[in-house]
Amino acid sequence: MGNWVAIGKLAGPVGASYSCDRMSGLSRRSFLHASGLAFFALAARRLAALVRPRPADDVPWKVQQVLKQLFGARPIQAGHVQLDVPTVAADGRVVPVMIESDLPMSADGYVKAIHLLVDNNPDIHLAGFRLTPQIGQAFVSTRIKMRMTSPVRAIVETSDGALWSAAADVRVTVNGCG
């Protein structure tokens, strides 16, 4: 008897060409098009999740302890701070960070400090910048070293004691701290 293959209702010798009525409506081009759209939709969803701001109550315990040491029980509000960091850092050893605040810089009220925190670094409070009203604008641009993928937080402290913050996730592809 030769080599026969049974596939559902179809049967015949090995190597024979078969067509299936159920698959005739889906061409290779349609399949690749649908697969590409599905991949694009998943990638867009993942990117949107990375860009979305972090909720204020999503603060790890270690970071809460550092915040308590720096600011005591003062509440930290979201807003008035723009944190510009890359979504994906190609090299964790050099990650550019820009922090800007729209709060006034006058003698009556001004931004007196900008704090930079990185949740997953060995030293969470990475930097503190002291400012005076003579600067004219609350703006800091620097480069930091990140150990691994982590939220980055910028906290602005005003002369009257108010605290404002912004946070963003930075994905590190090359380890920065060894």
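Every value quoted in this text rests on a predicted model; they were computed, and no experiment measured them. Residues: numbered from 1 along the sequence shown.
- Between the Thr173 side chain and the Ala90 main chain, a donor and an acceptor come within less than 3.5 Å of each other.
- Within the model, atoms CG of Asp119 and OG1 of Thr149 stand 12.0 Å from one another, a figure rounded to the nearest 0.5 Å.
- The hydrophobic clustering, which links ILVMFWY residues whose side-chain heavy atoms are closer than 4.5 Å, places Ile76 and Val63 together.
- Annotation: the span from Arg171 atom CZ to Thr87 atom OG1 amounts to 10.5 Å, rounded to 0.5 Å.
- The distance from the CG atom of Leu131 to the CD atom of Gln137 is 10.5 Å, given to the nearest 0.5 Å.
- Summarising the geometry, atom CG belonging to Leu116 is positioned 5.0 Å from atom CD1 belonging to Ile144; distances are rounded to the nearest 0.5 Å.
- For the pair Val94/Arg143, a side-chain contact is recorded, criterion being any heavy-atom separation below 4.5 Å from C-beta on.
- Distance CG/Leu37 to CG/Leu32: 11.0 Å, rounded to 0.5 Å.
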Quiz item: Can you check side-chain contact (heavy atoms from CB on, under 4.5 Å) on Met146 and Val152, steps first, answer last?
Solution: CA-CA 9 Å; Met146 291 183 64; Val152 174; 3.9 Å; yes
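- Panel note: side chain Asp84, backbone Pro96; no donor-acceptor pair is recorded below 3.5 Å.
- Heavy atoms only, all atoms of each residue included: Pro133 and Ala107 are closest at CB-N, 4.2 Å.
- Put simply, the side chain of Asn121 gets close to the backbone of Arg147: a donor and an acceptor are under 3.5 Å apart.
- Residues passing the side chain to side chain contact (heavy atoms under 4.5 Å, CB included) test with Asp108, sequence neighbours excluded: Ser106.
- In this structure, Leu67 and Arg153 have side chains that are not in contact, with every pair of non-hydrogen atoms separated by 4.5 Å or more.
- Closest approach of Met105 to Thr132, counting heavy atoms only: CE-O, 3.3 Å.
- What you find for Leu83 and Ala168 is that their closest heavy atoms are CD2-N, 3.9 Å.
- Rounding to the nearest 0.5 Å gives a distance of 12.0 Å between CD1 of Ile135 and CZ of Arg130.
- A continuous path of Ile, Leu, Val, Met, Phe, Trp and Tyr side chains, each step under 4.5 Å between heavy atoms, connects Val170 with Val140, placing both in one hydrophobic cluster.
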In residues 156-167, what donor-acceptor pairs under 3.5 Å come from side-chain atoms, sequence neighbours left out?
{"unit_1": "Glu157", "atom_1": "OE1", "unit_2": "His115", "atom_2": "NE2", "d": "3.3"}
{"unit_1": "Glu157", "atom_1": "OE2", "unit_2": "Arg74", "atom_2": "NH1", "d": "3.3"}
{"unit_1": "Glu157", "atom_1": "OE2", "unit_2": "Arg74", "atom_2": "NH2", "d": "3.1"}
{"unit_1": "Thr158", "atom_1": "OG1", "unit_2": "Asp160", "atom_2": "OD1", "d": "2.3"}
{"unit_1": "Thr158", "atom_1": "OG1", "unit_2": "Ala162", "atom_2": "N", "d": "3.0"}
{"unit_1": "Thr158", "atom_1": "OG1", "unit_2": "Ala162", "atom_2": "O", "d": "3.3"}
{"unit_1": "Ser159", "atom_1": "OG", "unit_2": "Tyr110", "atom_2": "N", "d": "3.2"}
{"unit_1": "Asp160", "atom_1": "OD1", "unit_2": "Ala162", "atom_2": "N", "d": "3.4"}

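- Val95 and Phe139 sit in two unconnected hydrophobic clusters of ILVMFWY residues. Membership requires side-chain heavy atoms under 4.5 Å apart, directly or through other members.
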